[in-house]
Amino acid sequence: MKIIRRPDGRAEMFVIDEPWDPVHAERFADGTCDGLVVGAPTDRKAGPDLAFLPGLTGLRSLRVLKGIADLSPVARCTGLERLRLPASAARALDLSGLVNLRELEIPWPAGARSVHALTSVEDLVITRWKGESLSVLGDKPALRSLRIESVRNHVTDAKGAALLPGLDELRFYDGRLARAELLSGAAALTDVSLLSTKTDAIDFVAGLPRLRRLELENSGEIASLAPLAAHPALREVVISGSTRVADGDLSPLVDNSRLTFVAVERGHAHDSHAPHEVRKG
């Protein structure tokens with residue numbers, strides 16, 4: 001066991017590749033620790049039984065590593081504010097009682113049943129995502145940052161973006177985003193990255209008045225960059241990997257004088273400008 005103090009002043013206890021000792025609970029009861037990292041770093045060794053968790057006084061932050069056979073005790077830790085579960089977690093959990101959660105990282109198989117009920121979450125990461133649309137997240141009035149790591153080739157409908165009125169940052173990895181124009185429902189967005197996520201158009205940009213940064217990496221064929229030309233808030237645009245502009249018109253990157261940083265990784269024969277002609281910053 002070791003205790004590490006985090007930059008925010010809180011302390012985490014690490015119980016890795018070893019059994020839980022009931023004596024450790026004293027460090028939570030006296031306020032020394034409010035965070036716990038528990039489990040095994042690889043699949044080769046089993047972690048401890050988590051039955052002790054619900055009775056751990058002062059537990060606010062929990063990060064579970066690999067090797068834990070039964071994660072169900074986590075659902076009874078009602079004081080948790082930060083929770084991170086391993087991507088390997090496959091059994092559905094009912095986390096609806098964790099009403100104080102502010103930060104959550106969870107694989108879709110474990111969170112599919114109850115993530116919609118967690119209305120206080122501010123920072124959400126979902127791995128192994130297979131949700132049919134953003135609407136399955138439910139109302140998230142407090143959500144500020146969302147990272148979705150989709151299962152390869154999975155299609156997600158952007159329906160439900162309006163349920164995320166305070167969302168500031170969206171990171172979407174892999175899969176395909178359908179009806180991307182509905183992202184404009186999350187009108188507070190300032191930063192959108194589609195990373196190896198295919199989509200057909202970026203019309204949603206015109207409906208996001210606060211958008212400052214857009215990244216399209218390996219996003220396939222985008223119909224047009226026209227929505228970027230007159231955007232009043234946009235400052236940074238990154239276009240890389242396999243992303244290709246169907247109409248070949250890169251002039252919106254030149255015409256928008258408000259842009260301070262433009263990165264275009266590669267050009268195509270039908271493009272109106274070479275990459276070096278549109279790059280800035």
Side-chain angles (χ1 to χ4, degrees), residues 87 89-90 92-93 95-96 104-119 121-211 213-228 231 234 238-239 241-246:
L93 298 172
L95 303 180
S96 58
L104 175 63
E105 180 171 336
I106 192 170
W108 180 245
R113 182 197 300 179
S114 55
V115 70
H116 69 278
L118 303 175
T119 58
V121 171
E122 299 172 3
D123 189 330
L124 178 59
V125 177
I126 301 181
T127 59
R128 298 171 59 197
W129 166 265
K130 292 190 74 173
E132 63 182 21
S133 72
L134 295 180
S135 62
V136 300
L137 297 175
D139 288 306
K140 290 285 180 293
L143 192 64
R144 298 293 177 266
S145 176
L146 174 61
R147 173 177 172 142
I148 290 178
E149 298 179 10
S150 179
V151 173
R152 186 178 295 274
N153 298 324
H154 178 69
V155 178
T156 302
D157 193 309
K159 177 185 177 182
L163 298 174
L164 317 174
L167 189 64
D168 180 71
E169 179 182 301
L170 174 64
R171 296 277 183 274
F172 214 112
Y173 292 79
D174 289 320
R176 171 173 285 277
L177 187 63
R179 295 205 293 171
E181 69 275 8
L182 297 181
L183 283 183
S184 62
L189 276 168
T190 69
D191 192 336
V192 174
S193 293
L194 302 181
L195 306 165
S196 294
T197 299
K198 303 299 187 291
T199 195
D200 299 323
I202 56 170
D203 294 345
F204 62 87
V205 169
L208 297 176
R210 302 181 186 178
L211 189 68
R213 183 179 184 277
L214 175 68
E215 182 171 5
L216 303 169
E217 177 186 295
N218 294 322
S219 296
E221 187 163 277
I222 305 296
S224 173
L225 297 181
L228 309 184
H231 197 285
L234 197 63
V238 178
I239 300 174
S242 66
T243 306
R244 181 177 182 271
V245 182

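Please read these numbers as outputs of a predicted model, since none were measured by experiment.
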Heavy-atom pair of closest approach, residues [X] and [Y]:
{"X": "V115", "Y": "V136", "result": "CG1-O, 4.2 Å"}
{"X": "L143", "Y": "D123", "result": "CD1-N, 4.0 Å"}
{"X": "I202", "Y": "L228", "result": "CD1-CD2, 4.0 Å"}
{"X": "T197", "Y": "F172", "result": "OG1-O, 2.9 Å"}
{"X": "A89", "Y": "P107", "result": "O-CG, 3.4 Å"}

Quick one: does any side-chain atom of [X] pair with a main-chain N or O of [Y] as donor and acceptor, under 3.5 Å?
{"X": "S193", "Y": "R171", "answer": "no"}
{"X": "S114", "Y": "L93", "answer": "yes"}
{"X": "H231", "Y": "R210", "answer": "no"}
{"X": "R128", "Y": "A87", "answer": "yes"}
{"X": "N218", "Y": "S242", "answer": "yes"}
{"X": "T243", "Y": "S219", "answer": "yes"}

Between Y173 and R147, is there a cation-pi geometry (under 6.0 Å to ring centre, at most 45° from the normal)? yes
Just to verify, what does [X] make a side chain to side chain donor-acceptor pair (under 3.5 Å) with, not counting sequence neighbours?
{"X": "W108", "result": "none"}
{"X": "T119", "result": "none"}
{"X": "S135", "result": "S133"}

In Å and rounded to the nearest 0.5 Å, what is the [atom1] to [atom2] distance from [X] to [Y]?
{"X": "W129", "Y": "I148", "atom1": "CH2", "atom2": "CD1", "result": "4.5 Å"}
{"X": "I239", "Y": "I222", "atom1": "CD1", "atom2": "CD1", "result": "8.5 Å"}
{"X": "L118", "Y": "D139", "atom1": "CG", "atom2": "CG", "result": "12.5 Å"}
{"X": "L146", "Y": "L134", "atom1": "CG", "atom2": "CG", "result": "7.0 Å"}
{"X": "L216", "Y": "K198", "atom1": "CG", "atom2": "NZ", "result": "11.5 Å"}

Can you tell if the side chain of I106 reaches within under 4.5 Å of the side chain of L95, non-hydrogen atoms only? yes
State which residues pass salt bridge (charged side-chain N to carboxylate O under 4.0 Å, His left out) with E221; sequence neighbours excluded, sorted by chain then number. R244
With E105 via salt bridge (charged side-chain N to carboxylate O under 4.0 Å, His left out) - residues at least two apart: R84
Are the charged groups of D168 and R144 less than 4.0 angstrom apart, N to O? no
Result block: side-chain N/O donor-acceptor pairs under 3.5 angstrom for residues 174-188, not counting sequence neighbours:
residue: R176; atom: NH1; partner: D200; partner atom: OD1; Å: 3.1
residue: R179; atom: NE; partner: D157; partner atom: OD1; Å: 3.3
residue: R179; atom: NE; partner: D157; partner atom: OD2; Å: 3.0
residue: R179; atom: NH2; partner: D157; partner atom: OD1; Å: 3.4
residue: R179; atom: NH2; partner: D157; partner atom: OD2; Å: 3.2
residue: S184; atom: OG; partner: E181; partner atom: O; Å: 2.9

Decide yes or no on side-chain contact (heavy atoms from CB on, under 4.5 Å) for L189 and F204, but give the supporting numbers first. CA-CA 11 Å; L189 276 168; F204 62 87; over 6 Å; no
Under the criterion side-chain contact (heavy atoms from CB on, under 4.5 Å), I'd like the reasoning laid out for V238 against L214: C-alpha separation, chi angles, the key distance, then a yes or no. CA-CA 6 Å; V238 178; L214 175 68; over 6 Å; no
